[in-house]
Number of protein chains: 2
Amino acid sequence: MTTSTTLLPANPLSPPGRTRIMNSLVRLLDKKEFNSITTAEIARDAQVTEGLIYKYFSTKKDLLYLVLMELFQQVVNRIESEIAAVDGSHEKLQAFIRTSVASYAGSRVFSKIILLEVRNSQSFFTSNAYGLVRQYSKMIAQILDEGIEAREFAQDIEIGSLREIIFGAIEHTCLTCIIFDRDIDVDRVTGQLCKVLFRGITDNGWAKRKGRQP
Amino acid sequence: MTTSTTLLPANPLSPPGRTRIMNSLVRLLDKKEFNSITTAEIARDAQVTEGLIYKYFSTKKDLLYLVLMELFQQVVNRIESEIAAVDGSHEKLQAFIRTSVASYAGSRVFSKIILLEVRNSQSFFTSNAYGLVRQYSKMIAQILDEGIEAREFAQDIEIGSLREIIFGAIEHTCLTCIIFDRDIDVDRVTGQLCKVLFRGITDNGWAKRKGRQP
DNA sequence: AAAAATTAGTAAGTAACACTCACTCACCAC
DNA sequence: GTGGTGAGTGAGTGTTACTTACTAATTTTT
């Protein structure tokens, strides 16, 4: 279906057992839900004992958060460079959306973790991994800020609300594909989303008749 | 913060022990995450033995799904009557959004279950509870269909994509409030969302200069 | 009205789970 | 060779979701 499971980037500072544990969780997450993966299963796959998992990770969840961080860091880096490469707020917003959608499309495991597995725990929001979410969130806030400043975007829209709308639209679209194991068509999704966001859904003829949109 | 925990609607056909079990889960969900609630805890709160839980519910998750169904049914009924009460596709869509947001705002437990606790399990999507999600989903599909048919909404937007965008925007906005225990301002959220959806975010002056919007 | 079946609920389990702890072994410095 | 350190082991432990065999009361059947 989607791309074959990408392993985590190699890290020579991490002991071999630790690396194998993290990669095993990635492999297993591709097949099943986090809660139904047991520590025994991870240990078996990584060819270590269960005890070693707890040498490197304080809890099973902590292991999950650290895996997420590795994957998320790549995503954040990629988005940062993509939005730096274009000019104009509309273009930057489109680049942000396209790269986000492409990241979800490119890593099923990343998508599953961030969209499905971490939100229901309060502990996530105090973990280091959540720092990356805030970084990600700030990028779009800045795009919107500048767009309103430059009069590209309407003045009467709250940045906070808009950010939630955009994230929600991106995430929910990708989530549906992840859950039902459908491929994500990056161009189509990005196109539809930008169309709605930039122009709204009201038909132009109707708007003129009703005088709703000058 | 939000409204005090609403219990499930009384059901005289349900044995007292069964009713107490479901209400206990609702009470406990208001305070903590589903995964950290134990069956022993539920039984203690409901003043029954653990065994009785498994007389009425096949698994702990199954209990959760049945609680969700009771709450969701009320939501679906409410939305159905609200959108029937107005005319015009813009108005119906606005009513749909407002009532959805109000439902999330009105029941923290309902919001937590549907936005955080059930999505990560494949079993949810084969449960009866998911039938209500499909019913909910069909309501908006119909509004969009009719709106495009009536030329109130633009012709070049895919209903499937648009539905994901709208759901995502509603859910993500409410999710953030639920997670950070903030109140949901139904009017403000609805207003912002409809503004963006109906008109888009592009500033009118800029659109004219660029000729992007006739 | 006795017998049979159904319903509401109990009590004592069990396998599997996340997690702990005391330990070994190999390597390196001095 | 002694002491220290980091990688890894393996046999625990308390809890957890879930099971099973049972009772006691009410309702249904005959």
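Convention: sequence-line order gives letters A, B, ...; per-chain numbering from 1.
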Do A:S137 side-chain atoms and A:V133 backbone N/O form a donor-acceptor pair below 3.5 Å? no
Does [X] put a side-chain nitrogen or oxygen below 4.0 Å from OP1 or OP2 of [N]?
X     : N      : value
A:T49 : D:dG10 : no
B:K60 : D:dA17 : yes
A:Y54 : C:dC19 : yes

Nearest-angstrom distance from the residue atom [atom1] of [X] to [atom2] of [N]:
X     : N      : atom1 : atom2 : value
A:F57 : C:dT20 : CZ    : P     : 15 Å
A:E50 : D:dG14 : CD    : C1'   : 15 Å
B:L63 : D:dC18 : CG    : C1'   : 13 Å
B:R44 : D:dT15 : CZ    : P     : 12 Å
A:L52 : C:dT24 : CG    : P     : 18 Å
B:R20 : C:dA8  : CZ    : P     : 13 Å
A:D62 : C:dA18 : CG    : P     : 15 Å
B:K55 : D:dC22 : NZ    : P     : 13 Å

Counting any heavy atom closer than 4.0 Å, what does [X] reach on the DNA or RNA strands: base, sugar-phosphate only, or nothing?
X     : answer
A:G17 : sugar-phosphate
B:I37 : sugar-phosphate
B:Y56 : sugar-phosphate
A:T38 : sugar-phosphate

Side chains of [X] and [Y]: is there a donor and an acceptor less than 3.5 Å apart?
X      : Y      : value
B:T176 : A:E164 : yes
B:T173 : B:Y104 : no
A:E146 : A:Q142 : yes

Is a salt bridge present between B:D30 and B:K112, judged by a nitrogen-to-oxygen distance below 4.0 Å? no
